[in-house]
Protein chains: 2
Amino acid sequence: MRDLDLTFSALADPTRRKILAMLLEDDMAVTDVAAPFDISLAAISKHLGILSRAGLLSQERRGRVVWCKLEPQSLRDASIWMQGFGQFEPVNLDPFEQFLASEGLIGAPGDAIDD
Amino acid sequence: MRDLDLTFSALADPTRRKILAMLLEDDMAVTDVAAPFDISLAAISKHLGILSRAGLLSQERRGRVVWCKLEPQSLRDASIWMQGFGQFEPVNLDPFEQFLASEGLIGAPGDAIDD
DNA sequence: AGGACGTTCAACCATCGGGTTAAGTGACAC
DNA sequence: GTGTCACTTAACCCGATGGTTGAACGTCCT
């Protein structure tokens, strides 16, 4: 429970949140994670390192490919911490619908379209 | 919903999380918020500004004293975002017990005692 | 009016974070 | 072995962040 610093600062970056949302659909190789972004592969590698150190994803090398897998446990810890600040009823969107919401594709009309 | 950047980066700092936990018990004046910390009042003022900009608290000037009040709505937004990554059942600790947990005073024995 | 109190602002410093490019490593293909 | 592919590391740049001190501002007291 003492990695809230790591967890929250990892989540503070929109690129990293988007990566997590991508991994929600399936495990991915580093190169494939990098594909939708306009930044260098090295930058993505750093982002993945940060997410990994925060426990938000795990990386497993298979041959020369490194597979990235979402690890929701740290998110769960952070979520528990948050729930101390109000009785937030669970929303129960299914993961894919939630992914869309995080993209701003559904939800309040004023929302921006990044993340 | 598009201030997740602000919300998460505000939450990434242990001083600020502790401030939020303090405000969970009651509204406080800036000076009183600063009291338990070893850093300058100006630094606390900056932290409060960051929390305020993130929508995590509101500040109301009454006379010469500025009252700080917890605003859980942004936490709620962030919590909703998180719940897309797993079916996290709500934990339903009451707020004070949760505050203790965030202090490391209850919970897993290996936990550190900061935040 | 003058002074003390509560808070913020301004200037500065050191460290961190996200980005770059270029070089390095390790596994597969020929 | 040579080359290519999939990454990671190293060195660097620059803007953001967390801290400081000292001055400024607005409010209350006498």
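Note on naming: letters A, B, ... go to the chains in the order of the sequence lines (proteins, then strands), and numbering restarts at 1 for each one. Predicted model, so just to flag it, every value in this text is computed and none were measured. Computed over heavy atoms, backbone and side chain alike; hydrogens, waters and symmetry mates excluded.
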Checklist entry - For B:Arg62, which contact category applies under a 4.0 Å heavy-atom criterion: base, sugar-phosphate, or nothing? => result nothing
Checklist outcome for this item: Among C:dG19, D:dG19, C:dT8, the one nearest any side-chain atom of B:Thr15 is D:dG19
Item to check | d(CG, A:Leu48; P, D:dA6) in whole Å | outcome: 15 Å
Next on the checklist: Using a 4.0 Å heavy-atom cut-off, does A:Thr31 contact any base of the nucleic acid, only the sugar-phosphate backbone, or nothing at all?
Outcome noted: sugar-phosphate
Checklist entry - Does B:Ser40 place a side-chain N or O at less than 4.0 Å from the phosphate oxygens OP1/OP2 of D:dT20? => result yes
Next on the checklist: In whole Å, I'd like the distance from the CG atom of A:Asp32 to the C1' atom of D:dC5.
Outcome noted: 13 Å
Next on the checklist: Ignoring hydrogens and geometry beyond distance, is the side chain of A:Arg64 in donor-acceptor contact with the base of D:dC7 at under 3.5 Å?
Outcome noted: no
Checklist entry - Within this structure, what is the CZ-to-C1' distance between B:Phe37 and D:dG18, rounded to whole angstrom? => result 14 Å
Checklist entry - What are the two closest heavy atoms between B:Leu75 and A:Trp81, and how far apart are they? => result CD2-CZ3, 4.2 Å
Item to check | DNA chain C-proximal residues of residues 49-56 of chain A, any heavy atom under 4.0 Å | outcome: A:Ile50
Item to check | Euclidean distance, atom CZ of residue B:Arg17 to atom P of D:dG18 [Å, nearest integer] | outcome: 12 Å
Checklist entry - When the distance from CZ of B:Arg61 to P of C:dT8 is rounded to whole Å, what number comes out? => result 7 Å
Checklist entry - What integer distance in Å separates A:Leu41:CG from C:dG19:P? => result 13 Å
Item to check | Passing candidate, salt bridge (charged side-chain N to carboxylate O under 4.0 Å, His left out) with B:Asp5, options A:Arg17, A:Lys18, A:Arg16 | outcome: A:Arg17
Item to check | Distance test, side-chain N/O of A:His47 to OP1/OP2 of C:dG19, below 4.0 Å | outcome: yes
Next on the checklist: Quick check for you: to the nearest 0.5 Å, what is the distance between B:Thr15 atom OG1 and B:Ile44 atom CD1?
Outcome noted: 6.5 Å
Next on the checklist: Let's see if you can work this out: which of D:dC7, D:dG18, D:dT20 has an atom nearest to the side-chain heavy atoms of B:Asp13?
Outcome noted: D:dG18
Checklist entry - The side chain of B:Lys46 lies closest to which of these nucleotides: C:dA11, D:dT4, C:dG6? => result C:dA11
Checklist entry - Can you tell me how far P of C:dT8 sits from CH2 of B:Trp67, to the nearest Å? => result 13 Å
Next on the checklist: Whether the side chain of A:Thr7 engages the backbone of A:Asp3 through a donor-acceptor N/O pair (distance < 3.5 Å, no angle test) should be reported.
Outcome noted: yes
Next on the checklist: Please check this pair: side chain of B:Ser79 against backbone of A:Ser79, looking for a donor-acceptor N/O pair closer than 3.5 Å.
Outcome noted: no
Checklist entry - Which part of the nucleic acid does A:Ala42 contact within heavy-atom distance under 4.0 Å: base, sugar-phosphate only, or nothing? => result base
Checklist entry - C:dC16 P sits how many Å from A:Leu6 CG, rounded? => result 13 Å
Checklist entry - Do any pairs count as a side-chain hydrogen bond (donor to acceptor under 3.5 Å, both in side chains) and have a residue in residues 57-71 of chain B, sequence neighbours left out, and if so which ones? => result B:Ser58-B:Glu71, B:Glu60-B:Arg62
Item to check | Main-chain N/O of B:Ala54 paired with B:Ser74 side-chain donor or acceptor, under 3.5 Å | outcome: yes
